[in-house]
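Step one of this worksheet: look at the structure below.
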There are 2 protein chains.
Amino acid sequence: MKKERELYRDFLKSKNLKFTKPRLIIMETVFENHEHFNVDNLYELIKKKHKNVSRATIYRTVPLLVESGLIKQSLRCESKDIYEHTYGHENHLHFVCDNCGKIIESGFSDVAILIDLLAKNENFEIKEYNLGASGLCKDCQKKKDN
Amino acid sequence: MKKERELYRDFLKSKNLKFTKPRLIIMETVFENHEHFNVDNLYELIKKKHKNVSRATIYRTVPLLVESGLIKQSLRCESKDIYEHTYGHENHLHFVCDNCGKIIESGFSDVAILIDLLAKNENFEIKEYNLGASGLCKDCQKKKDN
DNA sequence: TAAGTAGTTGAGATTCATTCTCATTAAAGT
DNA sequence: ACTTTAATGAGAATGAATCTCAACTACTTA
Ligand SMILES: [Mn+2]
Ligand SMILES: [Mn+2]
Ligand SMILES: [Zn+2]
Ligand SMILES: [Zn+2]
């Protein structure tokens, strides 16, 4: 969290943006949490800490965290954008269960190598991977068998 | 288009849904078009043919086309869901340019094999792949170099 | 550390894709 | 044709995300 804070501060400075209290609260809350999250989750987590930040400010700050490279928008569930940490986290892909909504993470393994190759063929410069699949998790497969 | 129509009709029948004129117009328009599309595109294409179908009906019908396996929701651009044909089309992945919005398609190659392996490790049963990356297309890389 | 400057905040209004409601219409079977 | 049941169009409603603006605060400079 120390390092994230430095990066964030430097990022803000480089953009002539101010390191304000709400921005700090949001950033801290984001990194205290270790799950995928959406703006609403974040709002609730902040309230639970008896801090107060408006939804508007969260909506304004999350894109800054994304631009700084600390988090990324990784999924979309129930019509809401879902974010997750990127700083200090390996790339991974998501298996999302259509039935129960569970999100299973799995390492990239060699997938990235292949994708890089395909991208090179198209002269495309990849900034961010977006890999996953939907289907049925282990538990929900059983349920369907009944 | 003949085959799509059969499948669609059978699908509807299997669900005790009616094969109505609006549903036919929508399906035909979807398969006359060969680009990624959203509900608004579709609405305009239908109007251009001097047919008339309400947006509400399009919003109701697109999920039927998805459920029938003829199309899938494959991307989200400018806050809108983007669809594409699946019937008669190979799986492929999308490289989306952050700068100009261009969408480049590329064959799966062996990516699916690797992903299947990862899924098997998690006992996850894949119904649909969702693979891609964002970054800069060839042209936009040049622009940035200036 | 006071004053100046420029970016930031909260509250609520606004936008816009998508979904819903409901009275009317149309498909399919008999 | 008659009956049943689902579908349609129009417009209202929903809800995530964005915007507006007056009040506020972080940083700079003297
Ligand atoms: Mn994740
Ligand atoms: Mn495609
Ligand atoms: Zn599940
Ligand atoms: Zn481009």
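Proteins get letters first, then strands, A, B, ... in listed order; numbering begins at 1 in each.
- Between its opening and closing five pairs, the helix from dT1(C)-dA30(D) to dT30(C)-dA1(D) changes axis direction by 40°, a value rounded to 10 degrees.
- For the side chain to side chain contact (heavy atoms under 4.5 Å, CB included) with Y83(B), the qualifying choice from V62(B), L65(B), L75(B) is V62(B), the only one to do so.
- For T20(A) and dT8(C), the shortest distance from a side-chain N or O to OP1 or OP2 is not below 4.0 Å.
- Atom CD of E32(B) has more than 12 neighbouring heavy atoms from other residues, nucleotides or ligands inside a 6.0 Å radius.
- Rounding to the nearest 0.5 Å gives a distance of 9.0 Å between CZ of F124(B) and SG of C140(A).
- A 6.0 Å sphere centred on NZ of K127(B) holds more than 12 heavy atoms belonging to other residues, nucleotides or ligands.
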Note to self: Please determine whether side-chain hydrogen bond (donor to acceptor under 3.5 Å, both in side chains) holds for the pair E105(A) and H89(A), giving the CA-CA distance in whole Å, both sets of side-chain angles, and the decisive distance to 0.1 Å.
What the structure shows: CA-CA 12 Å; E105(A) 300 190 332; H89(A) 285 252; over 6 Å; no
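- Note that CZ of F95(A) is 11.5 Å distant from CG of N130(B), once rounded to the nearest 0.5 Å.
- The neighbour count for K49(A) NZ, taken as heavy atoms of other residues, nucleotides or ligands under 6.0 Å away, is above 12.
- A donor N or O paired with an acceptor N or O is found under 3.5 Å between the base of dA6(C) and the side-chain atoms of K18(A).
- Contacts with DNA chain D (heavy atom under 4.0 Å) in residues 27-55 of chain B: N52(B), V53(B), S54(B), listed by number.
- Nearest-nucleotide mapping onto DNA chain C: of D81(B) and L12(A), the residue sitting toward the 5' end is L12(A).
- In K51(A), the NZ atom is not crowded: 12 or fewer heavy atoms of neighbouring residues, nucleotides or ligands sit closer than 6.0 Å.
- Taking only side-chain nitrogens and oxygens, Y59(B) comes nearer than 4.0 Å to OP1 or OP2 of dT18(C).
- Minimum atom distance to the side chain of A56(A) is reached by dC19(D), of the listed dG9(D), dA16(D), dC19(D).
- Nearest-nucleotide mapping onto DNA chain D: of S79(B) and P22(B), the residue sitting toward the 5' end is P22(B).
- Phosphate proximity of dA16(D) to R76(A): absent, as no side-chain N or O sits under 4.0 Å from OP1 or OP2.
- Side chain R60(A) to base dG7(C): no donor-acceptor pair is found below 3.5 Å.
- Classification of the H85(A)-F31(A) ring pair by plane angle, with boundaries at 30° and 60°, yields tilted.
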